[in-house]
Undergrad: 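I'd like to ask some things about the structure below.
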Amino acid sequence: MFMKASSPLRGVFRAATVTVAAIAMVGTATACSSGGSSDGDGQIAIISKGYQHQFWKAVNKGAEDAAKEMGKTITFEGPDNETQVEKQVQLLQTALDRNPSAIAIAALDSAAVAPILQQAKDKGIPVVAFDSGVDSDIPVTTASTDNKAAAAEAAKRMAELVGGTGEIGVVAHDQTSKTGVDRRDGFLDWIKANAPGITIVDVQYGGDPAKAADLAATMLQAHPNMVGLYGTNEGAATGIVNAAQRSGKSGLKIVGFDSGAAQIDAIRSGLMAGAITQNPVGIGRETVAAAVKAIKGESLPKNIDTGFYWYDKTNLDDPQIAGSLYR
């Protein structure tokens, strides 16, 4: 049975219609072009956060599909991993120097990219934000998951899993991107407002699976009565699972964010209770569609909600869920 969030979160759900299990591997930090004639509009330069997670390959797939359908040309680039802020800034500057017709950015650090986005605005190049958004009024729109609402849904599920009481820890993937902040704060704020019996004992930062595993292991040692752990992205969530396995602690409820083969396997086996999945192919498609509209001077909403789902072992094979899982 397909499981949706209860009101007021129901409105953020949107069915994903594209299966992404067969997404092709994309070269690390390498530009990929797709599409046909640009009809004089030039390229759309897309800068992601990285390539180490299947999520970004799924976003790329959606962007390529949209570009082909619209007869446009895109480049899709990102640093080796989501810790390389300076590398992303360099890629963004290089993309701007090519004078594209539009730029799309998923910022690792809003402050770091702000000067280049100002340059783009000064040159009349529209900027579209995607995934994490940017703390700036320069982007004409942001195509993303409502990460605060999605994290609140994760918190609600966690509270149900632990019976509304006990100690919980959080491993967030970073504290500089809007995604990292919103997925942390959405979870913490919901717990504070709705689950007085739950205590958040620690919040640590590490989106790399190995680092997240070390952080989670330290938390479990420091708080032996911990009943739950929440990871805000694929790397953080899989790291938590690895730490829990090594510790031998039973009964720990683990809730994650994103998907990927390791998380899906952990949910099927019962090591992870469930997770939030975004609609990455939809994010890529909406980003390109928004960029095309911006190039034409058409008006756009401030935010384009690309939706999310809660998934666990009861609904993993539901067509709506399967279409949004990236392996």
Side-chain angles (χ1 to χ4, degrees), residues 2 4 12-28 30-36 44-78 82 102 104-106 128-133 141-147 149-150 179 183 233-235 237 256-264 267 275-293 300-301 303-311 315-327:
F2 173 47
K4 290 185 178 180
V12 302
F13 287 84
R14 193 173 296 169
T17 58
V18 183
T19 301
V20 297
I23 295 167
M25 296 298 288
V26 182
T28 300
T30 302
C32 298
S33 297
S34 175
I44 299 168
I46 303 175
I47 308 297
S48 76
K49 291 182 178 179
Y51 279 116
Q52 82 278 35
H53 298 315
Q54 294 299 319
F55 177 84
W56 298 113
K57 297 176 178 62
V59 175
N60 189 10
K61 175 67 163 53
E64 289 180 341
D65 289 347
K68 289 175 183 177
E69 291 171 10
M70 297 179 183
K72 302 301 178 183
T73 301
I74 67 169
T75 59
F76 193 102
E77 303 170 279
E82 295 179 28
I105 176 72
V128 172
F130 68 99
D131 181 59
S132 63
T141 191
T142 299
S144 68
T145 306
D146 185 337
N147 281 292
T179 298
R183 292 185 193 173
N233 77 346
E234 180 185 347
F257 213 110
D258 295 324
S259 64
Q263 282 198 85
I264 293 168
I267 289 172
I276 298 291
T277 184
Q278 303 179 81
N279 177 7
V281 171
I283 290 174
R285 294 182 67 90
E286 292 284 2
T287 297
V288 170
V292 171
K293 288 182 178 180
L300 287 158
N303 295 290
I304 300 171
D305 182 7
T306 55
F308 66 83
Y309 299 99
W310 165 263
Y311 69 103
N315 67 349
L316 266 172
D317 298 317
D318 185 289
Q320 290 178 311
I321 299 296
S324 289
L325 300 181
Y326 29 102
R327 303 171 189 271

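We use all heavy atoms of the structure for the numbers below, so side chains are in, but hydrogens, waters and symmetry mates are not.
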Undergrad: Go through the structure and list residues passing side chain to side chain donor-acceptor pair (under 3.5 Å) with Glu82, not counting sequence neighbours.
TA: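 Scan of Glu82 (side chain to side chain donor-acceptor pair (under 3.5 Å), adjacent residues dropped) gives Trp56.
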Undergrad: For the CG atom of Asp65 and the CG atom of Asn60, what is their distance to the nearest 0.5 Å?
TA: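 With rounding to 0.5 Å, CG (Asp65) is 9.5 Å from CG (Asn60).
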Undergrad: Output all residues satisfying ring-ring contact (aromatic ring centres under 6.0 Å, His included) with Phe257, sequence neighbours left out; order by chain, then residue number.
TA: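 If we apply the ring-ring contact (aromatic ring centres under 6.0 Å, His included) test to Phe257, skipping adjacent residues, there are no hits.
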Undergrad: Suppose we screen for side chain to side chain contact (heavy atoms under 4.5 Å, CB included). Which residues come up paired with Ala275, at least two apart in sequence or across chains?
TA: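 Residues passing side chain to side chain contact (heavy atoms under 4.5 Å, CB included) with Ala275: Gln263, Ile267, Met272, Tyr311.
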Undergrad: Are any side-chain N or O atoms of Asn279 and backbone N or O atoms of Tyr309, one a donor and one an acceptor, separated by less than 3.5 Å?
TA: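 Not at all, since once roles are kept as given, no pair shorter than 3.5 Å links the two residues.
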Undergrad: To the nearest 0.5 Å, what is the distance between CD1 (Ile47) and OG1 (Thr75)?
TA: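 Ile47 atom CD1 to Thr75 atom OG1 measures 6.0 Å (nearest 0.5 Å).
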Undergrad: Does the Thr141 side chain pair with the main chain of Pro301, one donor and one acceptor, at a distance under 3.5 Å?
TA: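 Checked: pair present.
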Undergrad: Working to the nearest 0.5 angstrom, can you tell me the gap between Phe76 CZ and Lys57 NZ?
TA: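 One gets 10.0 Å once the value is rounded to the nearest 0.5 Å.
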Undergrad: Assess, by modelled atom type and distance only, whether the side chains of Gln278 and Thr145 contain a donor and an acceptor separated by less than 3.5 Å.
TA: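 Yes, Thr145 and Gln278 have a side-chain donor paired with an acceptor closer than 3.5 Å.
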Undergrad: Can you tell me how far apart CD1 (Ile46) and CD1 (Ile74) are? Round to the nearest 0.5 Å.
TA: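 So the gap between those two atoms works out to 4.0 Å.
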Undergrad: Could you state the interatomic distance from OG1 (Thr277) to CG (Leu316), rounded to the nearest 0.5 Å?
TA: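 Here the rounded value is 10.0 Å.
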Undergrad: Kindly write out the residues that satisfy side chain to side chain donor-acceptor pair (under 3.5 Å) with Asn147, not counting sequence neighbours, or none if the list is empty.
TA: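 So Asn147 forms a side chain to side chain donor-acceptor pair (under 3.5 Å) with Arg183.
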Undergrad: Of the non-hydrogen atoms in Val288 and Ala67, which two are nearest, and what is the gap between them?
TA: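 Looks like CG1-N, 4.0 Å.
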Undergrad: Counting distance only, does the side-chain N/O of Thr142 pair as donor-acceptor with the main-chain N or O of Phe130 below 3.5 Å?
TA: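 Not at all, since once roles are kept as given, no pair shorter than 3.5 Å links the two residues.
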Undergrad: Taking all non-hydrogen atoms of both residues into account, name the closest pair between Ala143 and Thr306 and its distance.
TA: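 So the minimum-distance heavy-atom pair works out to C-CG2, 4.3 Å.
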Undergrad: What distance do Asp131 atom CG and Thr287 atom OG1 have between them, rounded to the nearest 0.5 Å?
TA: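 Output value for this atom pair is 8.5 Å.
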Undergrad: Taking side chain to side chain donor-acceptor pair (under 3.5 Å) as the test, write out the residues that go with Ser48, two or more places apart.
TA: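 Testing Ser48 for side chain to side chain donor-acceptor pair (under 3.5 Å), a comparison that skips the adjacent residues, returns none.
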Undergrad: Taking all non-hydrogen atoms of both residues into account, name the closest pair between Ser324 and Pro280 and its distance.
TA: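 Taking Ser324 first and Pro280 second, the nearest heavy atoms are O-CD, 3.9 Å.
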Undergrad: Return the set of residues passing side chain to side chain donor-acceptor pair (under 3.5 Å) with Asn303 (not counting sequence neighbours), or none when no residue passes.
TA: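 Side chain to side chain donor-acceptor pair (under 3.5 Å) list for Asn303, sorted by chain: empty.
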